[in-house]
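Working notes for the structure below.
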There are 2 protein chains.
Amino acid sequence: MARTQGSHAGITGPRIREAALRLFAEHGFAAVSMRQIASAVGLQAGALYNYTPDKQALLFSLMKEHMDDLLGDLSRLPSQDAPQARLESFVRFHIAFHLDRPELVFIAYMELRNLTPENFRVIEGLRRDYEDALERILSDGVAAGSFEVADTKLATLAVIAMLTGVTTWYRPDGRLSVPEVQDLYWDMVRKSVSA
Amino acid sequence: MARTQGSHAGITGPRIREAALRLFAEHGFAAVSMRQIASAVGLQAGALYNYTPDKQALLFSLMKEHMDDLLGDLSRLPSQDAPQARLESFVRFHIAFHLDRPELVFIAYMELRNLTPENFRVIEGLRRDYEDALERILSDGVAAGSFEVADTKLATLAVIAMLTGVTTWYRPDGRLSVPEVQDLYWDMVRKSVSA
DNA sequence: GTCTATAAATCGATAGAC
DNA sequence: GTCTATCGATTTATAGAC
């Protein structure tokens with residue numbers, strides 16, 4: 001089955017998503033026009049609608065794939081270790097994953113309010129699943145006497161907020177390497193939930 | 001000097017700022033039109049330009065005032081105490097201040113990219129002043145042997161990120177009171193910088 | 001100080017040619 | 001699959017009456 005002349009299916013789609021990702025992260029979903037996205041890929045605006053039914057679906061698709069990747073990678077972490085080891089794995093994973101895709105992280109947080117209600121519920125549910133995984137580690141650690149945490153739900157949100165904040169300041173050419181950042185954050189998290 | 005008929009100077013201005021604040025926080029700066037703001041205050045769009053030269057100045061004004069309030073209140077905290085006491089004051093202050101104005105906090109972080117370059121530099125400088133105040137506390141504590149922090153700059157950003165995250169989940173009618181939240185976060189912060 | 005009216009530009013999305 | 005052209009709505013901001 002030969003491709004139609006001028007067709008770039010399989011390559012144009014991803015390029016559109018990458019351009020949208022970059023532009024949404026830089027200017028915000030509402031501030032970016034379909035014409036801007038098309039221009040960044042070398043297309044006219046109308047051609048975008050061969051790849052997405054509308055602008056909203058493009059945003060949702062980016063966020064959904066991001067959350068699926070996050071939960072997919074998370075599920076591959078060792079889950080039989082002691083709570084302290086699982087917490088360390090979580091901390092190092094969270095930092096590495098988020099530093100690897102700062103634009104997606106930014107969008108997944110900043111553009112929640114630009115999702116339609118039903119799309120919002122989907123993303124919010126996935127986010128909740130992720131939080132629950134960390135809370136489970138903390139609860140197990142408290143039950144085992146490894147951690148001393150007065151409120152596991154609050155501690156979960158506090159740790160995630162602390163770790164995710166790394167994307168706001170980390171620069172690859174900066175003072176610290178990723179492993180150094182992981183070590184420093186792990187040290188703080190470890191102490192914050194210790195007895 | 002009698003006021004012109006129909007004039008509401010001194011009351012309309014603040015009402016416009018409050019409406020803009022609420023709408024920006026809910027939908028984002030770029031997604032809110034001057035007509036929406038005017039409508040929320042019972043005006044036509046043109047009337048807004050008696051109070052702000054343009055939409056950008058309205059956003060900047062909200063963010064600038066917020067940062068000035070933050071630094072003003074911060075400067076009134078006791079600064080002669082021991083590092084541990086100063087850190088506790090900072091943590092409790094940060095939480096109380098931010099929970100008291102979640103919409104401004106949200107905007108001051110989310111809409112940075114919608115500021116013009118010169119306006120961005122102003123806000124970024126004030127934010128840096130605030131971070132420096134916390135880093136000073138941590139550095140003093142390390143020098144005094146009260147804290148054990150491997151990297152005071154990273155610890156500063158980590159603590160601020162953790163604390164500011166409270167605005168994303170706290171609800172006044174929720175499970176925890178503000179003092180309870182302050183206690184829980186202070187416990188985690190205290191341990192995270194301890195020896 | 002607020003209004004109506006409007007300028008000038010841009011928006012998302014669609015239709016139809018190729 | 002991409003193009004040109006366009007619809008209809010909306011945008012910021014301004015001009016001028018009152």
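Every heavy atom of this structure was used, including side-chain atoms; hydrogens, water molecules and symmetry mates were not. Protein chains get the first letters and strands the later ones, always in sequence-line order, with residue 1 at the start of each.
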Please state whether the phosphate of [N], meaning OP1 or OP2, lies under 4.0 angstrom from any side-chain nitrogen or oxygen of [X].
X        : N       : answer
Thr52(A) : dA13(C) : no
Tyr49(A) : dT2(D)  : no
Tyr51(B) : dG1(C)  : no
Gln44(B) : dT2(C)  : no
Ser33(A) : dC11(C) : yes

Interatomic distance where [atom1] belongs to [X] and [atom2] belongs to [N] [whole Å]:
X         : N       : atom1 : atom2 : answer
Leu48(B)  : dT14(D) : CG    : C1'   : 13 Å
Ile37(A)  : dC11(C) : CD1   : P     : 11 Å
Met34(A)  : dA9(D)  : CE    : P     : 20 Å
Gln56(A)  : dA13(C) : CD    : C1'   : 15 Å
Gln36(A)  : dA9(C)  : CD    : C1'   : 14 Å
Arg15(A)  : dG1(D)  : CZ    : C1'   : 14 Å
Asn114(A) : dG12(C) : CG    : C1'   : 15 Å

Which part of the nucleic acid does Val32(B) contact within heavy-atom distance under 4.0 Å: base, sugar-phosphate only, or nothing? sugar-phosphate
Assess whether side chain to side chain donor-acceptor pair (under 3.5 Å) is satisfied between Glu131(B) and Thr156(B), documenting all intermediate values. CA-CA 7 Å; Glu131(B) 293 171 359; Thr156(B) 295; over 6 Å; no
Angle class for the [X]/[Y] ring planes (parallel below 30°, perpendicular above 60°, tilted otherwise)?
X         : Y         : result
His98(A)  : Tyr130(A) : tilted
Phe97(A)  : His66(A)  : tilted
Trp169(B) : Tyr185(B) : parallel

I want to verify a distance call: between dA13(D), dC11(C), dC3(C), whose nearest atom is closest to the Ala47(B) side chain? dC3(C)
Quick one: which of dG1(D), dG1(C), dC11(C) gets closest to the side chain of Asn50(A)? dG1(D)
Can you work out whether Arg35(A) or Leu43(A) has the more 5'-proximal nearest nucleotide on DNA chain D? Leu43(A)
Would you tell me whether Thr152(A) and Glu135(A) have side-chain atoms, one donor and one acceptor, within less than 3.5 Å of each other? yes
